[in-house]
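The next block holds one structure in the form of structure tokens; read it before the comments.
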Amino acid sequence: MEYRCFEIDESEGVAHVRMCRPDELNTMVPEFWRELPEIIAELSDGGRTRVVVLSSTGKHFCAGMDLAVLTGAGVGDRSEAITEQGRQRAALRYNVLHLQGAFTALERARMPVLAAVQGGCVGGAVDMVTAADCRYATADAWFCIQEINIGMTADVGTLQRLPKLIAEGVVRELAYTGRRMDAERAASVGLVNEVFDDHEAMLSGVHEIAAEIASKSPLAVHGTKEMINYTRDHSVDDSLAYIAAWQTGMFQPADMTECFNARSEGRDPKFEDLGPVRKGL
């Protein structure tokens with residue numbers, strides 16, 4: 001399938017999803033919000049993809065939301081057609097939830113998502129990468145919670161996810177001032193895992209990490225992501241109870257046996273894909 005905002009390549013369990021509108025700074029036009037969750041859901045449900053690399057093209061990673069989205073045009077918002085104020089505000093709320101869902105799809109995917117950032121990562125782009133599992137950057141990358149600079153409160157995930165990734169005081173400074181945070185500081189505070197010299201080196205390095213993840217048991221990786229996400233939002237006791245219940249159903253000896261056999265035989269282990277899932281039935 002062809003998309004306006006993205007290009008997709010798949011190889012050996014790694015899906016490379018690239019934003020492909022560099023001349024427009026990869027702004028998040030209305031189509032973006034429909035395409036991204038559709039792509040991620042299809043990759044996750046298909047069961048062949050073990051890792052997603054989310055990258056971009058051009059000078060900047062992404063300049064954030066397009067004006068058409070900020071005004072509600074073209075993204076399913078029909079609140080202007082409603083004249084009664086309460087109903088209009090209720091419809092607007094659902095439009096915001098729709099936008100949030102596009103990034104929550106990254107968290108809910110069965111496989112890890114690795115974001116590779118070059119140049120500017122602005123506004124909605126920060127919302128997006130905070131929903132990824134890991135973030136990597138070029139030396140010239142920078143991050144900006146742009147919403148405060150245009151008189152609004154960020155509402156698509158940054159203020160909810162970023163405080164769970166880096167120190168709250170740093171989040172508050174960035175969110176209140178709208179200042180840019182460069183790649184070096186982003187790495188020092190833990191927002192990005194690694195900084196690379198340039199775009200080519202970053203993509204090479206991130207694909208190397210993706211390949212290493214793809215070589216592991218997909219079921220074990222899926223379970224690991226599920227547990228880390230759950231633990232982030234729950235107590236230690238609740239999380240221990242959840243992993244105990246998860247293991248009761250999901251822990252099977254086949255992949256562990258394959259690891260031991262491969263090691264004794266001096267070869268790389270081979271694992272089955274997760275396999276497809278069918279939703280909505």
Side-chain angles (χ1 to χ4, degrees), residues 5-6 18-37 54-75 77 92-93 95-107 113 115-132 135-192 195 199 202:
C5 301
F6 297 94
R18 288 186 303 275
M19 289 182 279
C20 60
R21 299 173 52 253
D23 292 342
E24 293 78 31
L25 304 181
N26 297 297
T27 52
M28 298 169 170
V29 294
E31 292 89 341
F32 172 96
W33 302 93
R34 294 190 291 271
E35 292 177 358
L36 179 62
L54 176 62
S55 76
S56 191
T57 53
K59 182 178 180 179
H60 295 293
F61 179 74
C62 177
M65 289 191 189
D66 185 86
L67 181 61
V69 177
L70 289 173
T71 59
V75 290
D77 179 27
L92 179 59
R93 172 179 174 269
N95 188 50
V96 175
L97 292 174
H98 166 72
L99 299 178
Q100 292 173 351
F103 298 151
T104 299
L106 304 181
E107 284 186 335
V113 178
V117 178
Q118 88 284 0
C121 180
V122 182
V126 178
D127 293 294
M128 177 168 60
V129 300
T130 57
R135 288 149 295 279
Y136 304 87
T138 56
D140 67 347
W142 50 272
F143 302 81
C144 177
I145 303 176
Q146 178 68 5
E147 288 85 350
I148 198 68
N149 294 327
I150 60 172
M152 68 175 289
T153 301
D155 58 2
V156 196
T158 290
L159 301 182
Q160 292 68 40
R161 294 187 174 100
L162 193 57
K164 297 182 178 182
L165 297 173
I166 65 176
E168 183 179 310
V170 178
V171 176
R172 289 176 182 270
E173 177 185 294
L174 295 172
Y176 295 157
T177 66
R179 292 176 180 173
R180 296 182 181 185
M181 179 171 63
D182 62 29
E184 182 179 359
R185 189 181 184 207
S188 71
V189 300
L191 178 59
V192 302
V195 178
H199 198 191
M202 175 179 65

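By convention here, the first residue in the shown sequence is residue 1.
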Open item on the list: Tell me whether the count of non-hydrogen atoms from other residues, nucleotides or ligands lying under 6.0 Å of NZ in Lys59 goes above 12.
Closed with: no

Open item on the list: So does Phe61 get a backbone contact from the side chain of Ser56, meaning a donor-acceptor N/O pair under 3.5 Å?
Closed with: yes

- [ ] Look up atom CD in Gln160 and atom OG1 in Thr104, then write down how far apart they are to the nearest 0.5 Å.
- [x] 9.5 Å

TODO: Please tell me if the side chains of Met28 and Leu36 come closer than 4.5 Å, counting only heavy atoms from C-beta onward.
DONE: no

Task: Among Arg172, Glu173, Arg179, the one residue meeting side chain to side chain donor-acceptor pair (under 3.5 Å) with Tyr176 - done: Arg172

Task: Shortest non-hydrogen separation from Leu99 to Met65 and the atoms involved - done: CD1-CE, 4.2 Å

Open item on the list: So, taking the atom named CD in Glu24 and the one named NE2 in His60, what distance separates them when rounded to the nearest 0.5 Å?
Closed with: 13.5 Å

- [ ] Look at the side chain of Asp127 and the backbone N and O of Thr158, then say whether any donor-acceptor pair between them is shorter than 3.5 Å.
- [x] yes

Task: Glu184 (side chain) donor-acceptor with Ala139 (main chain) under 3.5 angstrom - done: no

Task: Check against side chain to side chain contact (heavy atoms under 4.5 Å, CB included), Glu147 and Ile145 - done: CA-CA 6 Å; Glu147 288 85 350; Ile145 303 176; 3.6 Å; yes

Open item on the list: I'd like to know if the side chain of Thr57 reaches the main chain of Met19, judged simply by a donor and an acceptor atom lying under 3.5 Å from each other, with no hydrogens or angles considered.
Closed with: yes

Task: Check: Arg21 main-chain N/O paired with Asn26 side-chain donor or acceptor under 3.5 Å - done: yes

Task: Minimal non-hydrogen separation, Ala137 against Val192, with atom names - done: CB-CG1, 4.1 Å

- [ ] Applying side chain to side chain contact (heavy atoms under 4.5 Å, CB included), run through Val129 and Val117 and close with a yes or a no.
- [x] CA-CA 9 Å; Val129 300; Val117 178; 4.0 Å; yes

Open item on the list: Using the rule given for side chain to side chain contact (heavy atoms under 4.5 Å, CB included), can you reason through Met128 versus Leu54, listing the C-alpha separation, both sets of side-chain angles and the distance that settles it, and then say yes or no?
Closed with: CA-CA 10 Å; Met128 177 168 60; Leu54 176 62; 3.9 Å; yes

Task: Check against side chain to side chain contact (heavy atoms under 4.5 Å, CB included), Val126 and Arg161 - done: CA-CA 10 Å; Val126 178; Arg161 294 187 174 100; over 6 Å; no

TODO: To the nearest 0.5 angstrom, please state how far the CZ atom of Arg185 sits from the CZ atom of Phe143.
DONE: 12.5 Å

- [ ] Looking only at non-hydrogen atoms, find the nearest pair between Leu191 and Arg135 and report the distance.
- [x] O-NE, 2.8 Å

Task: Main-chain N/O of Cys5 paired to Glu35 side chain as donor or acceptor, under 3.5 Å - done: yes

Task: Main-chain N/O of Gly157 paired with Gln100 side-chain donor or acceptor, under 3.5 Å - done: no

Task: Parallel, tilted or perpendicular: ring planes of Phe103 versus Trp33, cut at 30 and 60 degrees - done: tilted

Open item on the list: Please report the interatomic distance CG(Asp182) to CG(Asp140), rounded to the nearest 0.5 Å.
Closed with: 10.5 Å

